[in-house]
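A quick write-up on the structure given underneath.
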Amino acid sequence: MNTTPLLEVRELAVRFGSVRAVDGVSFELARGPFGLGLVGESGSGKTTIARAVVRLIDADRGTIRFDGTDVLELAGAALRRYRQAAQIVFQDPDGTLDPRMRIGSALAEAATAHRRLPRQAVRERVDRLLDEVGLDNQHRRRFPHQLSGGQRQRVAIARALAVEPRLLVLDEPTSALDVTVQARMLKLIADLRDLHALAYLLISHNLAVVEQLCEETVVLYLGKIVEAGPTDTLLSRPAHPYTQALRAAVPDLEAKLPVRDAGAADTPARVDDWASACAYHPRCPLAIDRCRIEPPPLRAVEGRRVACHRAEDALANGYRPLHAASAE
């Protein structure tokens, strides 16, 4: 059994002009079936990391290794093979489905993008993909506008699976759907993961979604990791005040672990706080003078990595901000 990670990200940094969207992020993703969640508010760097992993944007620093190969050095045929092995499903399927192309043609195009198949084999492949995502073969003749939002997202997932990837990047796959459709989509992702032995990065602002689908979770704030480790550990006893705020924003998770309130400032941190302070300190109920002059290192604390000078105090006292940081 191969125990080396499928995906290794080391000191990844991405800039947009003077803005450091991602700054020194490192994590590993085990081989499938396995899920890793990237969690944080809008602007935390989740989608930027996802796009860098699949080479849709360039990294300014760091390494991304897939099955031991440096992804950032790939070109030509090697890059095409990687893009077959690593597929992304975007939050809005309308941006990836051609409104003028029937669903069957769109899936057939994806299935034959990297290899030639006989016509009958293509049709069988399309029918199997539709069946796997819970649609019947009648949908093959429909256009995207004739499908519901949930059905279009299922087609987007089927399109990604058409090339038989080993890594799936799911960028907020349920956020645009209503609650009942979300539940069906989460079950679908879980079923497909086991069926295809998929490893996936799940991008989300919702810890309840990550709880269902991911063994490990990375919590991001302004482009940096503030806490990372087993999902059960992070949800049952979060060690960073920001993780506590995200968890408190999900009622059904909060019910599992009563915590004591503590006031928190709602002032967003500035990007230039990174170099000389903890970026979260303007919003943190546990902030002390040290937090304002010294950025905390990412260190091991009780079964996870956490970037907080007062992680032990947060664990001991169970603080939660009264005005929990909205995860959206």
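No hydrogens, no waters, no symmetry mates; every other heavy atom, side chains included, goes into these values.
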How would you list, by chain and number, every residue that makes a salt bridge (charged side-chain N to carboxylate O under 4.0 Å, His left out) with [X], sequence neighbours excluded?
X      : answer
Glu73  : none
Arg166 : Asp67
Arg193 : Glu215
Arg10  : Glu8, Glu28

Nearest atoms (heavy-atom pairs only) where [X] meets [Y]:
X      : Y      : answer
Leu12  : Ala59  : CD1-CB, 3.5 Å
His281 : Cys278 : ND1-O, 2.7 Å
Ala52  : Ile64  : O-CD1, 3.5 Å
Gly223 : Val25  : O-CG2, 3.4 Å
Leu135 : Gln151 : CD2-CG, 3.9 Å
Ile225 : Ser26  : CD1-O, 3.2 Å

Worksheet item: Does any non-hydrogen side-chain atom of Val226 lie less than 4.5 Å from one of Cys308?
Response: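 Heavy-atom side-chain distance check fails, nothing below 4.5 Å.
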Worksheet item: Which pairs count as ring-ring contact (aromatic ring centres under 6.0 Å, His included) when at least one residue sits in residues 9-39, sequence neighbours excluded?
Response: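 Pairs touching residues 9-39 that pass the test: none.
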Item to complete: Name all pairs fulfilling the ring-ring contact (aromatic ring centres under 6.0 Å, His included) condition that reach into residues 42-74, sequence neighbours left out, sorted by first residue then second.
Response: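 ring-ring contact (aromatic ring centres under 6.0 Å, His included) check on residues 42-74 returns Phe66-Tyr82.
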Worksheet item: Tell me, which pairs form a salt bridge (Lys or Arg N to Asp or Glu O under 4.0 Å) where one or both residues lie in residues 225-236, sequence neighbours left out?
Response: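 The answer is Glu227-Arg304.
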Practice prompt. Verify salt bridge (charged side-chain N to carboxylate O under 4.0 Å, His left out) between Arg51 and Asp171, making sure each step is shown before the conclusion.
Written response: CA-CA 9 Å; Arg51 289 173 177 265; Asp171 188 1; 5.2 Å; no
Which distance, rounded to the nearest 0.5 Å, do you find between the [atom1] of [X] and the [atom2] of [Y]?
X      : Y      : atom1 : atom2 : result
Lys187 : Arg184 : NZ    : CZ    : 11.5 Å
Arg123 : Leu107 : CZ    : CG    : 12.5 Å
Leu168 : Leu161 : CG    : CG    : 6.0 Å
Leu198 : Gln87  : CG    : CD    : 11.0 Å
Leu188 : Leu192 : CG    : CG    : 4.5 Å

Discussion item. According to a hydrophobic-cluster definition based on side-chain heavy atoms being under 4.5 Å apart (Ile, Leu, Val, Met, Phe, Trp, Tyr only), do Met101 and Val163 belong together?
Written reply: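 No, Met101 does not connect to Val163 through the hydrophobic network.
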Discussion item. Parallel, tilted or perpendicular, judged at 30° and 60°: which one describes the rings of Tyr221 and Tyr280?
Written reply: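 Perpendicular.
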Worksheet item: Parallel under 30°, tilted from 30 to 60°, perpendicular over 60°: which one fits the rings of Tyr242 and His240?
Response: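 Correct class here is perpendicular.
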Worksheet item: Mind checking what makes side chain to side chain contact (heavy atoms under 4.5 Å, CB included) contact with Ala121, not counting sequence neighbours?
Response: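 Result, side chain to side chain contact (heavy atoms under 4.5 Å, CB included) vs Ala121: Leu117, Pro118.
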Worksheet item: For Arg55 and Leu74, what are the C-alpha separation, side-chain angles and deciding distance, and is it a side chain to side chain contact (heavy atoms under 4.5 Å, CB included)?
Response: CA-CA 10 Å; Arg55 288 285 302 270; Leu74 297 178; 4.1 Å; yes
Between [X] (side chain only) and [Y] (backbone N and O only), is there a donor and an acceptor less than 3.5 Å apart?
X      : Y      : value
Gln146 : Phe143 : yes
Thr243 : Pro238 : no
Thr231 : Glu216 : yes
His309 : Glu294 : yes
Lys46  : Glu41  : yes

Item to complete: Report the C-alpha separation of Arg15 and Asp60 in whole Å, then their side-chain angles, then the decisive distance to 0.1 Å, and conclude whether the salt bridge (charged side-chain N to carboxylate O under 4.0 Å, His left out) test is met.
Response: CA-CA 7 Å; Arg15 286 176 177 265; Asp60 293 285; 5.8 Å; no
Discussion item. The criterion is side chain to side chain donor-acceptor pair (under 3.5 Å); which residues satisfy it with Arg152, sequence neighbours excluded?
Written reply: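 Arg152: side chain to side chain donor-acceptor pair (under 3.5 Å) contacts with Asp94.
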Worksheet item: Can you name the residues that form a side chain to side chain donor-acceptor pair (under 3.5 Å) with Arg142, not counting sequence neighbours?
Response: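 So Arg142 forms a side chain to side chain donor-acceptor pair (under 3.5 Å) with His139.
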Which donor-acceptor pairs under 3.5 Å do the side chains of residues 126-134 make with protein atoms, sequence neighbours left out?
{"residue": "Asp127", "atom": "OD1", "partner": "Arg140", "partner atom": "NE", "Å": "3.3"}
{"residue": "Asp127", "atom": "OD1", "partner": "Arg140", "partner atom": "NH2", "Å": "2.6"}
{"residue": "Glu132", "atom": "OE1", "partner": "His196", "partner atom": "NE2", "Å": "2.9"}

Practice prompt. Could you work out the complete set of other residues in the hydrophobic cluster of Val306, with links drawn between I, L, V, M, F, W and Y side chains under 4.5 Å apart?
Written response: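 Besides Val306, the cluster holds Val301, Leu315.
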Fill in: NZ/NE/NH1/NH2 to OD/OE distance under 4.0 Å, Glu312 and Arg299
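A salt bridge is present here (some side-chain N lies under 4.0 Å from a carboxylate O).
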Practice prompt. Check the pair His205 / Glu172 against side chain to side chain donor-acceptor pair (under 3.5 Å), numbers first and verdict last.
Written response: CA-CA 8 Å; His205 63 270; Glu172 301 276 11; 3.3 Å; yes
Practice prompt. I would like to know whether Val89 and Val169 meet side chain to side chain contact (heavy atoms under 4.5 Å, CB included); could you show each step before the answer?
Written response: CA-CA 6 Å; Val89 177; Val169 178; over 6 Å; no
